[in-house]
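In the text below, chain A, chain B and the rest are named by the order of the sequence lines, each starting its count at 1.
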Amino acid sequence: MSAETPAKKELTAVKGTHDILPGEVEVWQKVETVAARLFESYGYRELRAPVIEHTELFEKGTGETTDIVTKEMYTFVDKGGRSITLRPEYTPSVARAIVEHRLDLLGLPMRYYYIGPMFRYDKPQKGRYRQFHQMDVEVFNEKDPAVDAEIIEMADALLRTLGVTQTETLINSVGCRACRPAYSQALREAAGLVRDRLCPDCRRKIETNPLRIFDCKVEGCREAARSFPKISEFLCPECRDHFAGVRAALDLYGLRYKVDPNMVRGLDYYTKTTFEVIALGGGQQNAVLGGGRYDDMMKDFGGPDICGIGFALGVERLVAMLALAPEPRKSLYVVHMGDKARAEAIRLARMFRRAGVETLIEYAGRGFKAQFSRANKLGAAWVLIIGDDELAKGFFKLKDMAAGTQIEGAPDALLAVIKEKQ
RNA sequence: GUGAGUGUAGCUCAACCGGUUAGAGCAUCGGACUGUGGAUCCGAAGGUUGGGGGUUCAAGUCCCCUCACUCACCCCA
């Protein structure tokens, strides 16, 4: 081991990844426990799928034409020659697990949630990282539009529970395989007519993904897009009824939302309902969560014909919106003087820890003054004092650092005092 | 992948027109102070000025390359 020569800044976190340090990690823990409890109250169960999957899963599930698959995946060949990918999203993994384990035959509600890291080889910027974390929620085999509304309401409930208010909920219907092709065609024709007024990017989108023209921020394109046909005019009766059902159920909840016919999502597999919650104000990466229905994915996997709906929430983006004060922790610091006292300190610390008290022992062997200074710096609520006098009596002193008061007693009695105020 | 901005101590920042050994505050550690914290005073440690190359008698400062970060495009959580 090299005692000196601390490594210079050659060893850094990989681009686009971040350490979540103590101080911030408490916020994450809070978010995770609140979310898990809430999801379970809606009948969801945690399903932990692997971080790595066969590359093919995402090619088929996420879609070969999506940006995620064409240029953002962390893919490598393992030592067995398999093409493996660090998951860029979670939904395909759940669908795979259902097919693999035939979870659809258990007769249980197919409601799953998961919290964990995802990986996309993007260029990092505010709110966008290469390793980021999502809370993912999926419901399968429920086609009633009230379920769409319920899941949106649950997302809203999560944000409200965490004290997030500056958001807007957007919903849309992107139709299904019966009605969307006609709409895409109509859109291509409309866009083709004003081709010379569109930016180069959008001219390309006419062929590749005409819905995305609505996303463009160039004013000329926005202006042109206003005259384009709306998806609502093209929905088949089934999709139209479904969307009306979603809105009716949302109204039942009294939830505020905005129908945004221009909202398109980047994943190919969505059908009917899509939705997004965006943060008001702030940067450009403002989608806190997004999701929708995907009625064809399972079938496309060669599995049973089971519909699905879900959303993914970006934990980094959520945490950035929170202003949670850390909960004060009350800890004990054990100071001591002399070899025997040190041994007693170690013994008593174990006792207090087993009783559930956060306890640290002074190991630097400094004078009492320095030890108290240390305790103060660490923000200890109490200091347990062990010196020759205390050892002789079997009675120890306990100082309340905030009050500055000090009591004396046997370890059990002192523990009782701490537990009372903990 | 494209574009712009920024890189000086752990953090926040100085350093004149290119000119001696790159400074300060905060934080850290030690001492004053071996039976009691916060205050004060004293001191120490901490830097290849992101890295490499170039111009110059001389570069933290100017030029080029590169890396990282930030922001935006694209896309998305």
Nearest to the side chain of [X] - [options]?
X	options	result
A:Lys397	B:C73, B:G37, B:G35	B:G35
A:Ile385	B:G37, B:G35, B:C29	B:G35
A:Lys123	B:C71, B:C29, B:U36	B:C71
A:Lys369	B:U36, B:U70, B:G37	B:G37
A:Lys377	B:G37, B:U36, B:C29	B:C29
A:Tyr121	B:G1, B:C74, B:U36	B:G1
A:Gln125	B:A72, B:G35, B:A68	B:A72
A:Ala287	B:C33, B:A77, B:A72	B:A77

Cut-off 3.5 Å, no hydrogens considered: what does the side-chain donor-acceptor table look like for residues 398-405 of chain A, sequence neighbours left out?
{"residue": "A:Asp400", "atom": "OD1", "partner": "A:Ala402", "partner atom": "N", "Å": "3.1"}
{"residue": "A:Asp400", "atom": "OD1", "partner": "A:Ala403", "partner atom": "N", "Å": "3.0"}

How is [X] classified with respect to the nucleic acid when contacts are heavy atoms under 4.0 Å: base, sugar-phosphate, or nothing?
X	answer
A:Gly16	sugar-phosphate
A:Phe311	nothing
A:Val288	sugar-phosphate
A:Gly290	sugar-phosphate
A:Glu72	sugar-phosphate

Provide the distance between the two [atom1] atoms, one in [N] and one in [M], to the nearest whole Å.
N	M	atom1	value
B:C17	B:C74	C1'	44 Å
B:U28	B:G19	P	35 Å
B:A45	B:G10	P	15 Å
B:G46	B:C29	P	16 Å
B:A58	B:A22	C1'	15 Å
B:A27	B:G38	P	13 Å
B:G52	B:A59	P	14 Å
B:A44	B:A24	P	11 Å

Check your understanding: Of A:Gly387 and A:Lys15, whose nearest nucleotide on RNA chain B comes first from the 5' end?
Key -> A:Gly387

**Study point:** Ring-face cation contact, A:Tyr74 with A:Arg120, 6.0 Å cut, 45° max
**Key:** no

Nearest whole angstrom, please: distance from the [atom2] of [N] to the [atom1] of [X].
X	N	atom1	atom2	result
A:Arg366	B:U34	CZ	P	13 Å
A:Asp339	B:U34	CG	C1'	14 Å
A:Glu138	B:A77	CD	P	12 Å
A:Leu398	B:U36	CG	P	17 Å
A:His18	B:A68	NE2	P	13 Å
A:Gln371	B:C29	CD	C1'	16 Å
A:Gln131	B:A77	CD	C1'	13 Å
A:Phe132	B:C75	CZ	C1'	11 Å

Point to revise | N or O in side chain of A:Lys126 less than 4.0 angstrom from B:C71 OP1/OP2 | key: yes

Review point. According to a strict under-4.0 Å criterion, is A:Arg374 in side-chain N/O contact with OP1 or OP2 of B:C29?
Key: yes

Practice item. Using only heavy-atom distances, decide whether a donor-acceptor pair under 3.5 angstrom links the side-chain of A:Arg128 to the base of B:A77. Key: no

Review point. Considering the options A:His242, A:Arg293, A:Glu150, which one meets the side-chain contact (heavy atoms from CB on, under 4.5 Å) requirement together with A:Pro145?
Key: A:His242

Check your understanding: Is it true that atom CD of A:Gln185 has more than 12 heavy atoms of other residues, nucleotides or ligands lying nearer than 6.0 Å?
Key -> yes

May I ask which nucleotide in the shown strands pairs with [N], Watson-Crick or G-U wobble, both distances under 3.5 Å?
N	value
B:A72	B:U2
B:G30	B:C42
B:A22	none
B:G7	B:C67

Point to revise | salt_bridge(A:Glu40, A:Arg37) N-O dist < 4.0 Å | key: no

Check your understanding: Can you tell me how far CZ of A:Phe275 sits from CG of A:Leu170, rounded to the nearest 0.5 angstrom?
Key -> 11.5 Å

**Study point:** Near-ring test A:Tyr44/A:Tyr113, centroid separation under 6.0 angstrom
**Key:** no

Review point. With a centroid cutoff of 5.5 Å and a plane-angle limit of 30°, would you call A:Phe368 stacked on B:U36?
Key: no

Exercise for review: Using atom types as modelled and distance alone, determine if a side-chain donor or acceptor of A:His336 lies under 3.5 Å from a backbone N or O of A:Glu362.
Suggested key: yes

